[in-house]
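To start, the structure itself, in structure tokens.
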Amino acid sequence: MAISTAYSFINVSAVLDGQLVIGLWDGDDAIVVTKAADVGTGLVGADGSGIFSVSASRAATISIKLQHNSPAHRLLMQKLKRQQALGGLATGFTFSIIDSASGEGGVADRCFIQTAPADSKGVNAVVREWVLWTADYNDEIPNV
């Protein structure tokens, strides 16, 4: 039996340090969470026996594409200044994303800015892509 469903970004919400992320850029990749390591690695010995090593890493990068006038862009600019000023004393900030229809998403308690966007000016508005890094991204289990 086939299952029919629908998807809409309207059901997706992201929260950055307690503030709802608005002013996202257009496209299918406005927010992308990428795990830093494979879930595990398999090894087969000379005799054909195998073992699978499960990775302990829950690290991830989070790419957020924003419009230049997004309040989240301003917030991240402020966080970048603070992170640079504090250096090794920076404490990080929270990030969460959830699709209320499917239950997919996740949460990170301590994110740091890994990559700040380029500051490009021209005829048209351009994306401001921020890349965050966290050592502990926890996936939500979908409702499927």
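In this chain, numbering begins with 1 at the start of the sequence shown.
Taking 4.5 Å as the limit, every side-chain heavy atom of Asp17 sits out of range of all side-chain heavy atoms of Phe95. Side-chain contact between Gln114 and Trp130 is absent, with no heavy-atom pair separated by less than 4.5 Å. Side-chain contact between Lys65 and Ile31: absent, with no pair of heavy atoms (C-beta onward) separated by less than 4.5 Å. By the 4.5 Å heavy-atom criterion applied to side chains, Asn124 and Val126 are not counted as neighbours. Between Lys35 and Asp139, some side-chain heavy-atom pair lies under the 4.5 Å cut-off. Counting heavy atoms from C-beta outward, Lys121 and Asp119 have side chains that approach closer than 4.5 Å. Contact check for Val12 versus Ile97: side-chain heavy atoms found under the 4.5 Å cut-off.
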Checklist entry - Would Ile62 and Cys111 satisfy side-chain contact (heavy atoms from CB on, under 4.5 Å), going step by step from the backbone distance to the final call? => result CA-CA 9 Å; Ile62 303 163; Cys111 293; 4.1 Å; yes
Next on the checklist: Using the rule given for side-chain contact (heavy atoms from CB on, under 4.5 Å), can you reason through Ile98 versus Ser13, listing the C-alpha separation, both sets of side-chain angles and the distance that settles it, and then say yes or no?
Outcome noted: CA-CA 6 Å; Ile98 190 74; Ser13 62; 3.6 Å; yes
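Environment of CG in Asn69: crowded, with over 12 heavy atoms of neighbouring residues, nucleotides or ligands closer than 6.0 Å. By the neighbour-count criterion of 12 heavy atoms within 6.0 Å, atom CG of Leu86 is densely surrounded, having more than that number from other residues, nucleotides or ligands. Heavy atoms of other residues, nucleotides or ligands lying less than 6.0 angstrom from NE2 of His68 number 12 at most. Remark: Asp28 CG is loosely packed, at most 12 non-hydrogen atoms of other residues, nucleotides or ligands lying under 6.0 Å away. Other residues, nucleotides and ligands place no more than 12 heavy atoms under 6.0 Å from the CD1 atom of Ile141.
For the atom pair Tyr137 OH and Asp109 CG, the distance stands at 12.0 Å (nearest 0.5 Å). Within the model, atoms CD1 of Ile22 and CG of Leu16 stand 12.0 Å from one another, a figure rounded to the nearest 0.5 Å. To the nearest 0.5 Å, the span separating CD on Glu140 from OG on Ser96 amounts to 8.5 Å. Separating the CG atom in Leu80 from the CD1 atom in Ile113 is a distance of 4.5 Å, to the nearest 0.5 Å. For the atom pair CH2 of Trp133 and OG1 of Thr61, the computed distance is 10.5 Å after rounding to the nearest 0.5 Å. Between the CZ atom of Arg110 and the CG atom of Leu132 there is a distance of 15.5 Å, given to the nearest 0.5 Å.
A side-chain donor-acceptor contact under 3.5 Å links Ser63 and Glu129. Side-chain contact check for Thr134 and Asp136: no donor-acceptor pair (N or O, by modelled atom type) lies under 3.5 Å.
With hydrophobic clusters built from ILVMFWY side chains whose heavy atoms lie under 4.5 angstrom apart, Val32 does not share a cluster with Trp25. Note on Val33 and Ile64: same hydrophobic cluster, where clusters join Ile, Leu, Val, Met, Phe, Trp and Tyr whose side-chain heavy atoms are under 4.5 Å apart, directly or indirectly.
Heavy atoms only, all atoms of each residue included: Asn143 and Ser100 are closest at ND2-O, 4.1 Å. Heavy atoms only, all atoms of each residue included: Glu104 and Pro142 are closest at CG-CG, 3.7 Å. Leu66 and Ser70 get closest at one heavy-atom pair: CD2-OG, 3.8 Å. The shortest heavy-atom contact between Lys79 and Phe93 is CD-CD2, 3.5 Å.
Under a 3.5 Å cut-off, the side chain of Gln67 and the backbone N or O of Leu24 do form a donor-acceptor pair.
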